[in-house]
Amino acid sequence: MSLKVYNSLSRKKEDFKSITEGHVGMYVCGPTVSGESHLGHARPYVTFDVIHRYLKHLNYKVRYVRNITDAGHFEEEGREAEDKIAKKALLERLEPMELVQKYTNLFHWAMNEFNTIPPSIEPTATGHIVEQIVMIEKIIKEGYAYEANGSVYFDVEKYNTDFSKIGMPYGILSGRNLEDQLDTTRELDNQEEKRNKADFALWKNAPPEHIMRWPSPWGEGFPGWHIECSAMSNKYLGEQFDIHGGGMDLQFPHHECEIAQSAVCNHKTMAKYWIHNNMITINGRKMGKSYNNVIKLSEMFTGEHPLLEQAYHPMTIRFFILQSHYRSTLDFGNEALKGSEKAMKRLWEAYQVLLKLDEIEDTQAVVLEGEEDIDAKVNTLLAEFDEFMNDDFNTAKVLANMFELVPIINGIQDKHIPLNVLKVETLILLKQKLKVYIEDIFGLKQEQLGGNKLDSVLQLLITIRKEAKSKKDFVTSDKIRNELTNLGVLLKDDKSGETTYTIQ
RNA sequence: GGUUCUGUGGCCGAGUGGCUAGGCUGAGCUCUGCAAAAGCUCCUACAGCGGUUCGAAUCCGCUCGGAACCUCCA
C-alpha cells in the first residue's frame with residue numbers, strides 16, 4: 001500500500017516516489033502580504049499542512065518551503081492618498097515594509113490559530129532580490145529573455161519553440177497552447193515593450209513614484225511576479241524537487257512561468273508532482289478580492305461580517321476543510337459551518353471518552369449475538385484510514401470512518417456494547433490510531449480553557465449538585481446547572497451517575 | 001472564444017460499474033426527576049435525454065446549468 005497523489009502535470013494519480021529516498025522537498029506558494037488573509041486562503045495552508053503532516057507520519061524527512069510575497073506594488077486600503085503625498089515627512093509616508101510586516105504578522109497569527117506547523121523555511125521575495133537577479137541574468141545569457149527600457153521580459157515564443165522539442169512546451173501544466181493565448185491576451189501596461197504579447201516580465205523598471213525598488217544591471221526596479229518562486233525553490237530545494245503546491249488559480253500563468261524559468265536555467269522540470277487545491281466558493285463563486293466577496297479570517301473568528309450568523313472557531317474551519325477532498329470546490333455557508341462545528345464537537349467528545357475507556361470496569365460483560373463482528377469492523381475501519389490517506393489524501397473518507405467509530409465508542413461508554421467485544425489489542429490500536437489521525441495528522445485540537453483552578457471549582461459545584469440531587473433537591477441542582485449553562489459551561493449526567501462538563 | 005473542471009437528498013459533502021459514505025437539519029423511539037448528551041430507527045439523491053453493459057451516480061454522446069483560468073489572485 002503506497003501513497004498515490006494526483007499530479008496536475010499528468011492529470012493522473014501517480015505513485016509517489018521521492019527523488020531522494022526518505023526525503024521530500026515541498027514548495028508551496030505563500031500569500032501576497034498586501035492585505036489581510038481571508039477564508040479562501042485557509043484552504044491551501046490547511047491542505048498542505050495536512051499533506052506535510054502525513055508525509056512526516058510516513059517517516060519522510062520533509063523540507064517544507066513556503067514563501068512570503070512581499071515585493072511588488074502595495075497599497076494599504078485607505079492609505080493610498082497619503083502615499084501619494086511624497087513630500088511629507090518620512091514617518092507619515094507609507095513605508096512598504098511596515099505594511100508587509102503588518103500583514104505577515106496577521107498571516108502568522110491566523111496560521112497559528114489553525115494549528116498549522118510552520119514551514120521549514122519561509123523565504124521572502126525582498127530577501128532574495130540577489131538570487132532573482134542572478135537567475136534573470138542566466139535566462140538572458142541562455143537567450144530566453146531580453147531587456148527593454150530597463151525591464152526584462154521572458155521570450156515565451158522562443159522558449160516554446162525550443163522546449164517543445166524536448167516535450168516541455170509552454171502551457172504544459174495548464175493545457176494551453178501558445179497560439180490560443182496570442183489572440184486572447186489582453187492589453188496591459190508597457191505592452192509595446194514586449195516582442196510578444198505572451199511574454200512576461202522578469203524584472204520591471206520602477207517609475208519614479210514606485211517606492212519599492214532595488215538596483216539591478218538594468219537600472220532601478222523590482223522583480224516580476226513569477227521569478228521569486230523559481231529562485232527561492234531552486235535555492236532551498238534544488239534544481240528538482242518533489243512537490244510543488246498551490247491553489248488551482250495559480251496554475252496559469254504563475255506556475256507555468258515558473259516551469260519555464262526554471263527549465264531554462266536547469267534544463268529540467270523543477271517539480272516532480274504538482275498538487276493544486278481547489279477554491280472555497282461563496283454562493284458558488286470563488287472567494288476573491290476582485291469579486292468583492294471575501295470574509296477575512298479575523299471576521300470568521302469573531303463573527304463580525306454581514307454574511308456570518310455567528311463566530312466560527314478556527315478548528316471548525318479546519319474541520320470544515322477536512323470534510324471535503326482538497327481537489328473539490330468547497331462551498332461556504334452558515335449551515336455547513338454550523339454542521340462542522342457540531343460534528344467536530346461530537347468527534348472530539350467521543351475521542352475523549354475513548355481515552356478514558358479502560359477505566360471502566362466491565363463486570364458482567366456478555367457478548368451478545370452480532371456483537372462479535374464489532375471487533376473486526378473496528379479493525380477494518382482503522383486500516384482504511386491509511387488506505388484513504390494514501391489515495392490522494394482523502395481526508396473526507398477518513399473522517400467518515402471516524403464517525404462510524406463514534407457510535408461504537410459511545411455505545412461502550414453507555415454500556416450498550418460491552419467493552420470486551422473489543423480485543424485488548426484492538427482497543428489499544430483504536431486509541432493510538434485516533435490520536436495519530438485526529439491530533440498528529442489532521443492537526444485538530446481543543447483548547448483547555450479551564451485550567452486546574454477552574455476545574456477544581458467546577459468539580460466542587462458538581463459535588464454540591466450531586467448531593468442536592470441525592471436529596472431530591474432539584475431546585476438547587478437545576479439552579480447550579482442552569483446558571484452554569486448561562487456562563488457557557490454545560491453539565492451532562494451520564495449513565496453511571498457521573499457528571500462531566502464542557503466549556504463552550 | 002480557448003483551456004480545464006463540474007452538476008449527488010433541506011444544507012455541506014464521499015463515491016474506484018454491482019455491496020446505494022459521512023456530517024448537519026427534520027421525524028419517531030429508548031434512556032432520564034427534568035435537561036443535555038448518547039443509542040436505535042426513518043424520510044427526502046444521483047440535472048435531462050439517449051447509448052454501452054447482465055448491471056451505471058460512476059463509462060460514452062448530446063442538451064441544459066454552474067465554476068476556475070486566459071489580468072494580481074490560495
Side-chain angles (χ1 to χ4, degrees), chain A residues 8 11 13 28-32 34-35 37-48 69 72-73 171 173-177 179-181 183-189 198 225 245-254 256 276-281 284-291 294 319-320 323-325 327-347 349-350 353 388 391 394-404 406-411 413-417 469 472-474 477-478 481-482 485 490-495 499-500 502:
Chain A
S8 306
R11 295 196 190 86
K13 270 184 206 170
V28 173
C29 289
T32 301
S34 62
S37 304
H38 58 74
L39 179 60
H41 293 107
R43 187 92 190 262
Y45 306 127
V46 168
T47 297
F48 287 101
T69 299
H73 184 65
L173 181 67
S174 53
R176 287 153 213 264
N177 60 62
E179 293 83 66
D180 294 335
Q181 290 166 54
D183 306 330
T184 56
T185 308
R186 287 197 212 165
E187 287 299 327
L188 291 169
D189 292 345
W225 306 303
M248 274 186 182
D249 51 352
L250 295 180
Q251 226 167 21
F252 190 92
H254 184 58
E256 210 70 76
H276 291 97
N277 65 275
N278 214 319
M279 303 291 105
I280 286 185
T281 59
R285 230 200 165 95
K286 171 185 168 186
M287 188 177 282
K289 229 172 175 176
S290 42
Y291 293 121
V294 301
F319 188 90
F320 176 62
Q323 270 184 308
S324 70
H325 189 264
R327 278 191 293 111
S328 305
T329 54
L330 174 58
D331 203 44
F332 161 85
N334 280 288
E335 230 182 313
L337 261 309
K338 282 184 201 168
S340 293
E341 184 178 76
K342 276 207 146 186
M344 160 91 194
K345 187 166 175 258
R346 190 164 121 89
L347 177 65
E349 285 178 10
V353 165
F388 294 156
D391 185 16
N394 200 329
T395 55
K397 283 188 117 179
V398 174
L399 277 177
N401 271 23
M402 286 183 184
F403 278 102
E404 294 213 45
V406 166
I408 296 173
I409 295 166
N410 286 331
Q413 162 84 352
D414 282 358
K415 311 209 166 158
H416 295 138
I417 303 171
K469 270 174 70 178
K472 302 240 184 259
D473 178 8
F474 297 123
S477 69
D478 285 355
R481 190 177 63 203
N482 293 339
T485 303
L490 293 185
L491 296 187
K492 286 186 283 190
D493 301 327
D494 66 22
K495 287 265 164 60
T499 301
T500 56
T502 51

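Residue numbers start from 1 in every chain, and the chains themselves are labelled A, B, ... in the order their sequence lines are given, proteins ahead of strands.
Annotation: B:A38 and B:C72 have their P atoms spaced 49 Å apart (nearest Å). When the P atom is used for both B:C40 and B:U63, the distance is 48 Å, rounded to whole Å. Annotation: B:C59 and B:G17 have their P atoms spaced 8 Å apart (nearest Å). Comparing the C1' positions of B:A45 and B:C60 gives an interatomic distance of 23 Å, to the nearest angstrom. Here, B:U71 and B:G15 have their P atoms 32 Å apart, quoted to the whole Å. The same atom, C1', is picked in B:C62 and in B:G26; the two are 39 Å apart, to the nearest Å. Comparing B:U8 with B:G48, their C1' atoms are spaced 15 Å from each other, to the whole Å. The gap from the P atom of B:A14 to that of B:C34 amounts to 42 Å, rounded to the nearest Å.
Among B:G13, B:C73, B:G33, the nucleotide with an atom closest to any side-chain atom of A:Ser290 is B:C73. The side chain of A:Asn410 has B:A38 as its nearest neighbour among B:C70, B:A68, B:A38. The side chain of A:Asn394 approaches B:A14 more closely than any other nucleotide in the set B:A74, B:G39, B:A14.
Nucleic acid contact for A:Phe332: none, since no nucleic acid atom lies under 4.0 Å from a heavy atom of the residue. Within 4.0 Å of A:Leu337, counting heavy atoms only, lies no atom of the nucleic acid at all. Contact annotation for A:Met402: no contact, since no heavy-atom pair falls under 4.0 Å across all strands. Within 4.0 Å of A:Leu491, counting heavy atoms only, lies at least one base atom of the nucleic acid. Contact annotation for A:His325: backbone-only contact, meaning every heavy-atom pair under 4.0 Å involves sugar-phosphate atoms and none involves a base.
A:Glu256 pairs by the side-chain contact (heavy atoms from CB on, under 4.5 Å) definition with A:Tyr170, A:Ile172, A:Leu173, A:Ser174, A:Phe252, A:Ile259, not counting sequence neighbours.
A 3.5 Å limit on both hydrogen-bonding distances identifies B:G66 as the Watson-Crick or G-U partner of B:C5. Within the shown strands, B:G51 is the pairing partner of B:C59 under the Watson-Crick or G-U definition, both distances less than 3.5 Å. Under the Watson-Crick or G-U wobble criterion, with both distances below 3.5 Å, B:C40 is paired with B:G28. In this structure, B:A21 makes no Watson-Crick or G-U wobble pair, since no nucleotide meets both defining distances under 3.5 angstrom.
For a distance-only test at 3.5 Å, the side chain of A:Arg11 fails to qualify as a donor-acceptor partner of the base of B:C5. For A:Arg327 against B:C5, a side-chain-to-base donor-acceptor contact under 3.5 Å is absent. In terms of polar N and O atoms assigned as donor or acceptor, the side chain of A:Asp478 comes within less than 3.5 Å of the base of B:G33 in a complementary pairing. At a cut-off of 3.5 angstrom, counting only N and O atoms as typed in the model, there is no donor on one side facing an acceptor on the other between the side-chain of A:Lys338 and the base of B:C11. Side chain A:Arg285 to base B:A67: no donor-acceptor pair is found below 3.5 Å.
Ring orientation note: the planes of A:Tyr45 and A:His41 are close to parallel, at an angle under 30° on the 30°/60° scale.
Checked for salt-bridge contact, A:Lys397 and A:Asp391 miss the test: no charged N lies under 4.0 Å from a carboxylate O. A salt bridge is defined here as a Lys NZ or Arg NE, NH1 or NH2 lying under 4.0 Å from an Asp or Glu carboxylate O, and A:Lys345 with A:Glu341 fails to meet this definition.
The shortest side-chain heavy-atom distance between A:Leu330 and A:Thr281 does not fall under the 4.5 Å cut-off.
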Polar atoms only, N or O, under 3.5 Å: list the protein pairs with nucleotides 17-23 of chain B and their distances.
none

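Remark: A:Thr485 is not in phosphate contact with B:A36, judged by side-chain N or O atoms under 4.0 Å from OP1 or OP2.
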